[in-house]
Structure formats: structure tokens, C-alpha cells
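Heads up: the structure comes next, in C-alpha cells.
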Amino acid sequence: MSENHNSAGGVPTTGHVWDDDLADFTNQPPKWWMIGLTASAIWVVLYFTMYPALPFAATGTFFSGVGLPGSGQWTAIKELAEDQKVLDDARKQYEDKLESMTPAAILADSALTEYVTRSGKVLFSDNCAGCHGQNGIGSVQNGDKFAKREQGLMAPILLDDDWLYGGEINAIHETITGGRQGMMTAHKETLSAQQIDDVAKYVKALSEGSGDSEAAGKKVFTESDCTACHGGDAKGIAAMGSANLTDKVWRFDGSLEGIKQTITYGVNSGDADARVAVMPNFTTAGKLSATEMKKLAVYVYKFGGGKAEEAAPVAAAAAPASAVEPVAPAAK
Amino acid sequence: MSEQQNQKGAESGHVSTIYHEHEEWAVNMGESTIHAKRMPGFFRTLKYATESLWLIFFFGAYLRWNGKQALLLDVNNRQFHIFNLTILPQDIWMVSLLLLLTAMTLFAVTSVASRVFCGYFCFQTAWVDLFTWIEEKVEGNPNARHKLDAAPWNAKKIQKKVIKHSIWLAISVFTGISFTIWFEDAFVYWHDLLNLNLSMLEWSTLTAFTFGTYFLAGFLREQTCFWLCPYARIQAVMADSQTIFPTYDVKRGEPRGKIRRGAEADSLKLGDCIDCFQCVQVCPTGVDIRQGQQLGCITCGLCLDACDSIMDKIGRPRGLIRYSSLDELDGKPVKKLYQHPRTLVYIGIIFIALAGIVWGLTHLGSMTLRVIPERQPLYVSLSDGSIRNRYEFKVVNKTDKDLHVTVSATGGIPGQVIVGSETPILTHHGRGTSFTIFVKAPADAIKLEATPIEFHVQAVEDAAVVAQYDSKFSAPKR
């Protein structure tokens, strides 16, 4: 090694010598390297200028930039807008149709129904889930905030097949567009504690299928004003939004204590301890467009609890499931 | 490394031997173009035969099957079409087994007979062979080419060079086209190409492959094998003393020397190698095989042909350069192939991978089903007390037409009702379709919080197209 050592041999050095004989040459970097460095520096300036890094207001918008030649003045915002347009164009074919259709007609078209059920989740989560819970599972209200007493279910579960105002598509649509606010009077003045206890036991037994075992309660139920709203058979009247007391689904709280509370203080009765049940009117609220409310009606209907119209129109049943898709052959 | 060099190292017994050895490695670093001679022979013929397998690469994509491209790796649409078979991303695990299979085949072959892939099949070898063959047709034999390279530029030289490079470029372009048409419809691509209507990706792929081929096969040639190819480097660890590769028989050949007329007595002292340098002249990478196994050797066997033809001419037995193992040269007993554990391990892995692929292809099915139970909520209590579960069905229809499917279930709860498939459901071919199915069951019949249930889908149009999936029916705590 040492005998081959290459001394400076006349090449200019920096003059700094260390470890006896080590020195720095002052050679220029290779020419190709210098050219590369200079070219890069020029490129950086050009790129910084032409890329929308400087807010030149060349064509209106603040961040339009100068643009690289041939780039069509690319900016991230323009790219976003173009991507958004692709999405909007894909949706347009459905959205255009929805505008003029009734919720029932949307439901009859499988392709449109699919579009609504797939895209409705955002609408539902933004506007409905606050009370009805994510996916319509309901939410429990723990008192004080909304109503003075523990509320039980704040808003109905939308997944099941029990509906206060009917589960037909038009009824659901009406609920959204017009809102609902039912009323049950407080009975703390009209019924004695014993009577309330009896009728609560009777109603609970009704839902369990053994209503006849509570004769005292039954007497109270039929002789006081209960039947006026809940009907003689206690199955509720959809037009009034009164609850069906014979099924196994409870609007607020199905425990004996819960039932007694509902009877004593009522619902939306004005009593300080009353249960509160208000479905806002989304038309006057102005938050949702008519199409969005139609979409939500179909979306909620397709949770699984939706009910077909009483008299199914024959023409609708015979029509193809969708204008977009071919008719399914009969199952074997 | 080689026997010869090991001996030298042992003689000097000094740590700097490694540098002496390095000096003896006559590796061409690109300072001169290698113009290898072409000599006919068994291995030359074999090389032509194996290289011609690449014709499949050029023309295989034009094969049609049922009106569609028979072999189409449709990466854009995430589908591989192999004749009737459509492989979707779900089946991609078979591709990893295929990669394992090819890697292990490479390893097994290398452990038995060293760089067979390099010498006979590698695209670099094949394309360089094609390019130099064209060079020979245009510019003449190696001597003529060396002269032409050194000659001053004149009309004739320009003419020859232009012809050669034009043909090279044409092959390069065709290589680029042939690569691309495996990934999209060949005829559509040609149509777009002739109308100069390719996409940016297609143009850049074509350009990259054209210049890549032109540069690698036309100019870089054996330098690729020396300095670029990783496989050339890792092959050393896959070869051992049982591996056969083209070897110069040192004991028989040395001391080498030219035959002189009328010097019979003198020639007796010499070995069989007459130092004719034919083995070096035919070598496509320009190595001297007589220096032993080395980095530059791609084990193509062309030196065997050259040496054998010389041995025939001078009346000495063939095989001075031959395929043999280090054991054989050292005079150790030569083991049989089945006594080579490493090869057996490689072959074992090959069979495992092969079995996996065969199982996969035979169990591919023309429809797959995945069922995702709703988790929020797990179940819904209905007004009559029954319990309802909601399931998201995802059906992948791998056939080539849209099918309607019916849904049924086994297991689950006695008396359960499937809601949502009253009319058969349309599933689009070649992609996934998802739909919602409800199962309603009477509360009294439910015994468990989670009851196993198996869903089946069956096509209405073709009862053989079925798929099933295991799921659970959730219910409240008992």
C-alpha cells in the first residue's frame, strides 16, 4: 500500500496537511455533475413558479398558478373537482329519476332501491341517527336532559315491524316530511294509584298473551278512557299513532314500573314528568330536500320492517322489477 | 474457486493470494465487444431448441378461445383469463404458489446442473443470441466484425450498421408489443397501435421495453450477466460439489501445447489441450473455461461443442471439456441424484406447491359466497316476539354470464324463514354482487345465543353453479 501512495504530485491542494501526508486536492467536481447541479437549480425555480406554489391570479382563482406547459394548469383543487364530477355524473342517472318519482315508485324499482339503500347511510347518520341510533337501533335516554324522568327509548327502533303510524312506504314518508307528535294524557288525576297498578299489570300481561288473567286491570282499561285511543282490542289506531299494546314491542319501557310511569304522567301531556316523543317536521326544518326525504323513507323502509300497502296494486306487481335490469326467471 | 487456483493459493500460502486470483479472472468489463464464433454441435442445437420456447412469448397471446383471448392477464380489470378459467383476486394465492413453484424449479435445476436457466433459457441469453445471429448475417463472421468495428466510417460500414440497428430496433419494438398484449386484448392493442391511439401507460411501456431490449441485448449483452443480474450472483450458493457444470479436465489437458508435425515424442509429454482457443472464441461471455468455474460462465455448453469438434479433428477422445462435478474431477465417488438431499428438498417443495395449485384450480368453483352478519344490531326483536337477523350476502359470479340465484339455509333455527330472496336475485358476472337477506325465527325455538347456520346460493339457470358459507344466527341471552 504505502509504496504505491500517490503524493500530491503537483496537483494543487488546499494547503492543509494532516497525519503527515494527507491533503485535500482542490480539483473541480466533474463537469457532468456541475451541469446536473445547475440544471437542477434552474428546474427548482421553474417548477416552483409553474406549479401552483405561488398564488398568481392568472386565470381568476387565487391558486390557479401558471402551470407547466401542456399541463393545462393543473392544480390539486381542479383535480378534486374533476374527480368529484365523475362521481356526480355516475349518480346523476339515478338522482334525475328520483326527483320526479314517488317513494312507492322508487321502492318498486330494484336498481333505484339499491342505489338509495347503498347511498342513504350518510343521510341517515347525519339526520336521523341522533335520536334513532346508528342503523336505526334506537337510543336510550337517561332522563334529565330531554325529559325530566328516565325516558326509556328516546325514539322508536326503526328495524322492527312495529309502527305507531304504519309501516307502509307512504306512511314513513309522511312521518319524515310532516313530523309526528302523539299525545297520551297523564292519568295521575283521573286514576287512583291502585287502578294504575292494575291496568299496568293488565297491559303487560296483554303483551305476554295472558291478558284475561288480569280481570281488575281489564275492567279499568275498558271502563276508563283507554279504549278511546288504543282501541277496544288494545291494538292501537295508526291514524292517531296510539301504540299496539298486544305486541311484544314497547315504545318506551316494557317493565311494570315503566308502564306505570307512562300511564301516570302520559306522553307529551304537558306534565313536567311526561315522556317526550317528538318527530320533527323535516320540511319546515328545511334541512333536507324533497328527494332526500324520499330517499330516507325508502332507506328506513328497507331496514326490514317496511310493510307492503294493504291492497297491493296488481299492475305494480306484474311490472318488471326494474327498468334497468332484466326480469328474474321464476325459481325452480 | 477452481482446482487450479486453489492449488496456486495453497502453494503461495499467503493472504494476498486472493488478489493474484483476482488478477487471473479475465473478466471483460466492457472494454471490448465480444464477437463470439458460432460452431455447430449438440449444445448449440439444444440452445436453439430451448430458446425457441420464447416464440410462445411472441405468439401465445394471439390464441383465441370462445371468441376471447385464451391467455389474458387483465390486470386493469383484476382478472386473469386462462382458457375457460377466470381467476379473480380472491384466488391470487395460487399465483404465489406458482411463483414458489418456478423459484424452486430454478433452484432444483441449479443444484443439479448449475446455471441451466442462464445458459439455455434466460431472456437475456436468448435475445443476445438472436441479436448476435443477426449481426453475423449482416456484418459477417467475428473476424469481419472486429475489422468492421476498427475500420473508418465509410458508406459500406454505415450501410451495414444501419441495417443491423434497424433490425434490432424492429425486434425490440416487437418485444415491447408482445409483452403488452399479454395484459390486454392483442387485436384491440394492435388496432390502437396502428391508429397511434395508445394510452400514456401503453406508450411508455412500449418505449421502455423497446429501448430496454435494444440496450440490454444490443449493447450491454454479457455485461448484464456480470454486473446487473442478481441470479448470476446467488447461483453460487445453490451449486455444490455434486453439481455438474461445464468443466475443463485439468489432469487430462495440462500441460497444454500446440501439436507440431514430426514431434511425436515431444507431444507425449503434453496434455490433450492443444491451446487452440476455440473454447474461448465461441464463448458468448468471453471467459476461458480452462480457468475453472467462474462468475462469467453461464454454463451454456458451447465450449463443449467447440472442444469436441477439435478433439475429433486431432483424433483424441471427446470430453476434455465436459459436464462434470467437482467430486468427479477430484476423483471422489460420484453420488447418484437421489443422494443429493438439497435437490430432494427442492423437489419436495415443488410437489407441495404443485399440489396446492392443482387443488386450487379444481376447487375454484364458478361462484363464491361470503355472508357478513349485521353487527349493529346483532338481532332485532319483532312485535310477535320472533327474532330477526340481517345478513349481507356477497356473491362473486365467476362465470361469463349474469345469473339469478336463490338462497337457502341448512342448520339454524327450526321454523326459520328467509326473507329477501322471494324472487331470484341477479348476480353480475365477473364481479361481486351484494344483497341483503333477513332470517326470521320464532323465539321459542332458539336455544343458543349463536346458532350455526349454513347459507347456500344456487343459480336458477344452471343448478351446478352453487356456493355456500357458514355463518351464525344471533339471539338474545337465554
Side-chain angles (χ1 to χ4, degrees), chain A residues 1 70 110-111 113-114 117-118 121 124-125 129 132-139 153 156-164 167 206-209 235-236 243-251 254 299 301-308 317-318 320-322 324-332, chain B residues 16 19 200 373-394 401-408 417-429 432-440 442-444 456-466 476:
Chain A
M1 280 298 265
S110 61
T113 304
E114 170 134 7
T117 48
R118 301 249 169 252
K121 192 180 174 68
F124 186 87
S125 301
H132 290 285
Q134 197 60 260
N135 288 356
I137 61 170
S139 60
L153 259 185
I157 295 170
L158 300 176
L159 299 165
D160 61 32
D161 58 347
D162 185 38
W163 301 89
L164 293 172
L206 257 183
S207 124
E208 284 156 8
K235 288 196 171 171
N244 180 348
L245 301 174
T246 60
D247 67 18
K248 290 190 177 4
V249 175
W250 292 92
R251 166 65 185 87
Y299 185 78
Y301 183 95
K302 293 303 276 186
F303 271 141
K307 282 181 179 159
S322 167
V324 187
E325 287 173 356
V327 191
K332 280 179 191 170
Chain B
S16 64
Y19 296 109
M200 192 61 168
E374 176 66 59
R375 284 155 298 181
Q376 191 189 25
L378 285 171
Y379 58 85
V380 174
S381 302
L382 298 181
S383 56
D384 61 356
S386 58
I387 302 297
R388 196 185 66 204
N389 276 213
R390 176 182 172 141
Y391 300 90
E392 191 69 16
F393 274 51
K394 290 187 186 299
K401 52 186 178 293
D402 291 356
L403 295 172
H404 291 83
V405 294
T406 55
V407 178
S408 60
V417 180
I418 296 174
V419 184
S421 66
E422 292 75 15
T423 53
I425 296 153
L426 178 69
T427 60
H428 302 278
H429 71 276
T433 305
S434 57
F435 51 88
T436 305
I437 292 291
F438 296 102
V439 174
K440 207 169 109 172
D444 309 340
H456 306 266
V457 288
Q458 184 174 40
V460 176
E461 291 87 346
D462 181 357
V465 178
V466 290

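Every chain is numbered from 1 and lettered A, B, ... according to where its sequence line falls, protein lines coming before strand lines. Atoms considered below: every heavy atom in the structure, side chains included; atoms not considered: hydrogens, waters and symmetry mates.
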Practice task
Please flag which part of Ser434(B) lies under 4.5 Å from any non-hydrogen atom of chain A: side chain, backbone, both or neither.
Solution key: both
Practice task
Below 4.5 Å from any heavy atom of chain A, which atoms of Glu374(B) appear? Answer side chain, backbone, both or neither.
Solution key: side chain
Handout entry: Residue selection (most heavy-atom pairs with chain B, distance under 4.5 Å) from Ile157(A), Thr117(A), Leu159(A)
Key = Leu159(A)
Rounded to the nearest 0.5 Å, how far does [atom2] of [Y] lie from [atom1] of [X]?
X: Thr436(B); Y: Lys302(A); atom1: OG1; atom2: NZ; answer: 8.0 Å
X: Ser383(B); Y: Lys235(A); atom1: OG; atom2: NZ; answer: 10.0 Å
X: Asp161(A); Y: Ser386(B); atom1: CG; atom2: OG; answer: 7.0 Å

Completion exercise
In terms of heavy-atom contacts, Val249(A) and Ser381(B) come closest through CG2-O, 4.0 Å
Practice task
Could you point out which residue of Arg375(B), Arg390(B), Gln376(B) forms a side-chain contact (heavy atoms from CB on, under 4.5 Å) with Asn135(A)?
Solution key: Gln376(B)
